[in-house]
Amino acid sequence: MSYTILTGDRATGLLHLGHYIGSLKLRVALQDDHQQSILIADLQGLTDNGHDPEKVSGNILNVMADYLAVGIDPAKTNICLQSGLPALSELTMYYANIVSISRLERNPTVKAEIANKSFGNSIPAGFFTYPISQAADITAFRADCVPVGDDQIPMIEQTNEIVRKINKIAGSDILVECEPLLSKVTRLPSVDGKAKMSKSLGNTITLSADEKEITAAVNKMYTDPNHLKVTDPGQIEGNVVFTYLDAFHPDEDLVQELKLHYIKGGLGDGKVKNILEECLQETLRPIREKRRKLINDKGMLLEILKHGTEKAVVETNKVLYDVKQAFGLNLFI
Ligand code: ATP
Ligand code: MG
């Protein structure tokens with residue numbers, strides 16, 4: 001057991017191939033020799049969906065089914081629900097007093113997300129302050145390692161700033177600083193190559209996509225627009241089919257051979273797409289089949305989540321106790 005890990009996803013939709021390659025595969029590998037907690041972030045999902053709460057509540061068990069279908073094992077990984085852990089919201093309130101508005105405004109990830117989401121003058125306060133709540137999530141599990149995409153690095157930096165400030169107030173190291181663990185693929189593009197695959201952009205290939213949807217997605221996939229004839233030399237950069245082959249195909253040597261052939265000329269898009277399609281069908285078939293059974297047993301999914309959340313209540317309350325102690329506010333205990 002080398003690290004305590006906290007990871008999670010916003011419950012705002014079905015998980016997709018970006019999640020699979022960016023974090024889920026890594027979590028499945030890590031659960032054998034790390035103490036891992038996964039937080040289904042329903043409250044964080046609400047920060048830009050307050051007007052549409054069903055989008056969040058209706059997706060919690062979908063995310064659970066996705067986790068179990070890819071191989072997250074609840075006996076090894078504790079899966080819990082953010083809204084079931086009052087300590088997280090309380091910690092957020094304590095931390096909010098030691099983080100300035102200008103520091104939040106400087107967070108590059110939030111800045112970029114605000115620009116993308118066209119909130120206008122109505123940025124929800126919960127969205128603007130979500131780095132504080134994310135710091136509460138990480139510290140409440142005493143996580144020293146957080147597997148993330150590179151977009152999340154500013155959150156880790158901000159979390160560690162909060163840790164140092166609280167430890168200074170406490171006069172001892174009651175909170176633990178964390179390190180990011182970067183995944184190999186942090187921004188799987190959508191099939192048109194225009195943006196990152198993302199739930200809110202509606203450009204995903206979900207883990208429950210059926211065979212036809214996978215075929216259609218690969219057919220639509222952006223290649224090299226100047227590769228008109230099979231004999232033309234082709235370009236790999238920006239060619240989504242090769243980006244996906246790099247991300248998903250288990251045979252790296254074959255992918256390398258295909259690249260060289262494509263660059264030289266003589267390899268058609270159709271042939272490369274067939275290889276990718278077969279690979280994606282093989283990746284998603286067992287996940288889809290497992291998931292179909294899991295989602296039909298909502299009672300079982302809920303039971304696992306309830307059990308994991310109960311365990312996490314105990315764990316996170318201990319950290320809350322320490323932080324309240326630092327502020328001299330455990331008056332009734
Ligand atoms: P939303 O649209 O609600 O923001 P999303 O599809 O962007 O949803 P998130 O829940 O924001 O998904 O992502 C959680 C984590 O999943 C990210 O920090 C990242 O590690 C991983 N992830 C999401 N999308 C991708 C992607 N396209 N490529 C690689 N990793 C991804
Ligand atoms: Mg996102």
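Ligands are counted one by one from 1 in listed order, and the atoms in each one are counted from 1 as well.
Between Y262 and H227, the ring-plane angle classifies as tilted under the 30° and 60° cut-offs.
For ligand 1, the atoms sitting less than 4.0 Å from at least one non-hydrogen atom of G149 are 20 (O), numbered in the order shown with element in parentheses. With ligand atoms numbered from 1 in the order given, ligand 1 contributes 18 (O) to contacts under 4.0 Å with heavy atoms of Q152. For ligand 1, the atoms lying closer than 4.0 Å to a non-hydrogen atom of R187 are 28 (N), 29 (C). Within ligand 1, the atoms closer than 4.0 Å to a non-hydrogen atom of V185 are 29 (C), numbered from 1 in the order shown. Less than 4.0 angstrom separates some heavy atom of G22 from each of these atoms of ligand 1: 29 (C), 30 (N).
Contact annotation for T12 and ligand 1: only side-chain heavy atoms (C-beta onward) come within less than 4.0 Å of the ligand.
No side-chain donor-acceptor contact under 3.5 Å links T223 and N239. Side chain to side chain, Q235 and N226 fail the donor-acceptor criterion of an N or O pair below 3.5 Å.
Comparing M197, H16, K199 by heavy-atom distance to atom 10 (O) of ligand 1, the nearest is K199. Checking M155, K117, H19 against atom 21 (C) of ligand 1, the nearest heavy atom belongs to H19.
Looking at heavy atoms from C-beta onward, N78 lies out of side-chain contact with Q36 at the 4.5 angstrom threshold.
Classification of E310 and K306 as a salt-bridged pair holds, one side-chain N sitting under 4.0 Å from a carboxylate O.
By the neighbour-count criterion of 12 heavy atoms within 6.0 Å, atom CD of E278 is sparsely surrounded, having that number or fewer from other residues, nucleotides or ligands.
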